[in-house]
Amino acid sequence: MAMIECRELTREYHKADQVIRPLDGLNLDVPRGDFLALMGPSGSGKTTLLNLIAGIDSPTRGSLTVEGSDLAQMSRNGLAAWRSTHVGYVFQLYNLVPVLTAYENVELPMLLQKISRRQRHERVSLALERAGIADRADHYPRQLSGGQEQRVAIARAIVTDPPILVADEPTGDLDKASAHTAMTLLQQLNQDLGKTIIMVTHDPQTTEYAKHTLHLDKGQLVEAGVEREEVPA
Amino acid sequence: MRQLPFHYAFRNLGRSRVRLLASLLGSALVVLLVLAAAGFVRGMQQTLTRPAALHENVIILGTGSEESIERSQINASIEGIVAASIVGIKRRSGVAYASPEIHTLLPVKTEAASDTDRQAVMRGVRDVALLVHPHVEIVDGRFPRAGHDELMVGGLAAIRLGLPEERLAIGQTLCFDDRNWTIVGRFAAPGTVMDAEVWLPLTDLQIATKRPGTISCVVVSLEPADRGGRFVSIDAFTKARLDLEVTAIREQEYYASIAAFLAQIRWMIMITAVLIALGGLLGGLNTMYAAFAARVREVGMLQALGYTRRAIVINLSEESVFAAACGALIGCAVGLLLLDGLAVKFSMGAFALRMDAPVVFAGLVGGLTVGLVGAIPPAVRCLRLPIAEALKSH
C-alpha cells in the first residue's frame, strides 16, 4: 500500500465568475521512503499538490490518503494536529522567525509535542546536528547566510521526526554551493532516515537528487517519473 | 491546544521601535484620560457627599431655597429659636450645635486698585461652626475676630480664586466691600466643598453684604441616637412654625441633590472620555493592523507547523496586551504623579482629582482593553487568508 494515495484529486478556486482548477482529477501513489521531485510550468498545480499532501489545503473533490488518514475528512484543528506530527515543511524563503534564534526556531514545532523540556532539548540539538548547523544555534536568522538559514529550516522540518517532508523550491533562493549542501542534506534524510520527501522544483539539476521526477501540466500528470539508479555525490 | 511561547510575543515587540512607542504612548494616553475623567468624577462626587459629619447635620433655610443656600435669607433670630425649641440638637457643655451662617459668592480683589474680580465662596460663621463642621480644622493661624476685618481661607481657596498659594498666606490681604481683609488663619476640610471657601465672622459678612439681621441658614448637628426621629421633629417644627418661613433639609440630601444636578456634567465627561478612548483604540487598531499585516507569511508558517488559529490569535493578543499593560503602568504612574490631588474649580468651590484604587483600576482596565480589543481584529484579519496563500504573501 502506498504511503500517499491521490484519487481523482481535484482542487478548484473561484475567482469572480471563473473557476480555476490547478489540480484536475489527479491520481498518484507515493511509496514510503520515496524522494519525489515535482516539476512543471507555473500554474501546473505542483505547489497545490504539495500543499494538499502537507495538509495545509483541502481538496475540492477526490480523496487524499496519507498513511491511512483521509485528509479531506479532517477538521481544521484536526489537520493542524496531524501536520504537527506527520509533516515537515521546507519553504523556499526559509520562513524563519527573525526574533528567535536558530535553536528557538527549530524548537517551535517541538512546543506542540507533549514531551519534557530535557527531551525537547535533546531533539532540537539532534536536529541541528543532523542539519550541520549546531554551531549556529544561538544565532538569529539575520546573522546567518541563506544556506545556513535553509539548514535551520530543514532542522525545524525534521525535529519532530515526521515521516514526510515536503519542500517547496528549497533551493530557489540559494547559490549553487548552498543548494548542493541543502539537497545533499535532504538526500541523506531520505536515504539514512527513510523520510518520504516530496519536492517542488523548477531546477532540473535539483531533480537529480530525487529518486523520481513527475511532470505536471494543467493539473494533471503528463509524464511518469523515471527511477534514478545513481544520484550525484 | 498548545500555545506559542510568550517570549515570541515579547520579542516581537522589538521588531519596530516606532510601533512599540506608539503602542506604549497610545495606551498610556488612554489610561491618563480615563484616570483624569474618573478622578474628576470621583473627586467631585466625594467632595459633595463624603464627610461623615454631613450625615448628622440638618440645614434650616428659607422656604423655597432648598436648591441653593446662597438664595436663602432667614431672620437671624431663628438660630436662637431653633436652639431653644428643638429637642435632639447636640449639646456639649451647654453649647448647642447650631451654627448660623451666611453663604454667598462675592467678588474679591487682590488689591484695591486691581481691575480683576475673583468670585470667592464666602461663609460667614461664628466659632460654633467648628463644632458643627468637625472635619474643618484650622491648620495655621487662628479663627478671625469679628470687627477686625479678618478672615481665614481653606486649603483649595487659592485654586478657586485662581491665585498662587503664597498669595493666600497668613498676613496677606484680600479686598472686598472697599476694604482690605487680613488672612489670619488657614483651615483644611479635605474632600469637602468647604475646603475652597473663605470664612469670616458672621457679623462682618452681614455688614459687607448689607443684610443686617438676616442669615442664609442655621446648620444644626443632631445627637447620634435616633437621628431619623430627630430629623422628623425638626421637620415638624419648621412645618408648625409657618411664621418663620423655614424648611429643614438633611445636609447630606442637600449636597446629594447638587451632586445629582452635576451628574449630567459627569456623564458628559465620561462620554467624552470614552469617545476619546475609542479614538485611541482606533489608532491602536491601525498600528496593529500594519504590524500584523507584515507578518502574514510568518503566521502562515506557524499554521503549517501545526499551531491553531486560536493559539496564534492568543499570542498576537499577548503581544498587544503586554505593550498596552506597560503603557498602562506608565500612564498610571504619570497620573498618580501629576493628577492625584490636582485641584479643579467648579461652581461651588474647588475639588481635588482623586486617584484612589477604583480610579486606578478603571485606568488599568481601560489600557488593557485597548490592548486586547486593538489586537483581536487585526489578528483575525491576519489569519483570514488560507495557509497556502499566506505562505505566498510578501
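So you know, we letter chains A, B, ... as the sequences are listed, proteins then strands, and number each from 1. Please read these numbers as outputs of a predicted model, since none were measured by experiment. We use all heavy atoms of the structure for the numbers below, so side chains are in, but hydrogens, waters and symmetry mates are not.
- In this structure the side chain of Arg384(B) never reaches within 4.5 angstrom of the side chain of Val380(B), judged on heavy atoms.
- Side-chain contact between Phe6(B) and Glu318(B) is present, with at least one heavy-atom pair separated by less than 4.5 Å.
- Here Leu112(A) is the residue among Asn77(A), Leu108(A), Leu112(A) with the most heavy-atom pairs under 4.5 Å with chain B.
- Side chains of Met301(B) and Val97(A) form a contact here, defined as non-hydrogen atoms less than 4.5 Å apart.
- Considering only heavy-atom pairs separated by less than 4.5 Å from chain A, the leading option among Pro386(B), Gly300(B), Ala304(B) is Ala304(B).
- Summarising the local packing, CZ of Phe361(B) is surrounded by 12 or fewer heavy atoms from other residues, nucleotides or ligands at distances under 6.0 Å.
- Of the listed residues Asp57(A), Leu100(A), Leu96(A), the one with more heavy-atom pairs under 4.5 angstrom with chain B than any other is Leu100(A).
- Looking at Asn51(A), the atoms closer than 4.5 Å to chain B (heavy atoms on both sides) all sit in the side chain, from C-beta outward.
- In this structure, the side chains of Val334(B) and Val31(B) stay at 4.5 Å or more apart for every pair of heavy atoms.
- In the displayed structure, Arg15(B) atom CZ is contacted under 6.0 Å by more than 12 heavy atoms of other residues, nucleotides or ligands.
- Contacts of Glu104(A) with chain B are made by side-chain atoms alone, with heavy-atom separations under 4.5 Å and no backbone atom involved.
- Looking at Pro98(A), both its backbone and its side chain come within 4.5 Å of chain B, counting heavy atoms on both sides.
- Ranked by heavy-atom pairs under 4.5 Å with chain B, the list Leu93(A), Leu50(A), Leu79(A), Thr160(A) is led by Leu93(A).
- Contact count versus chain B (heavy atoms, under 4.5 Å) is highest, among Gln92(A), Gln113(A), Glu107(A), for Gln113(A).
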- Item | side chain to side chain contact (heavy atoms under 4.5 Å, CB included) evaluation trace for Leu329(B) with Leu364(B) | CA-CA 7 Å; Leu329(B) 288 176; Leu364(B) 286 173; 4.2 Å; yes
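- The parts of Tyr307(B) that come within reach of chain A are both its backbone and its side chain, each placing non-hydrogen atoms under 4.5 angstrom from that chain.
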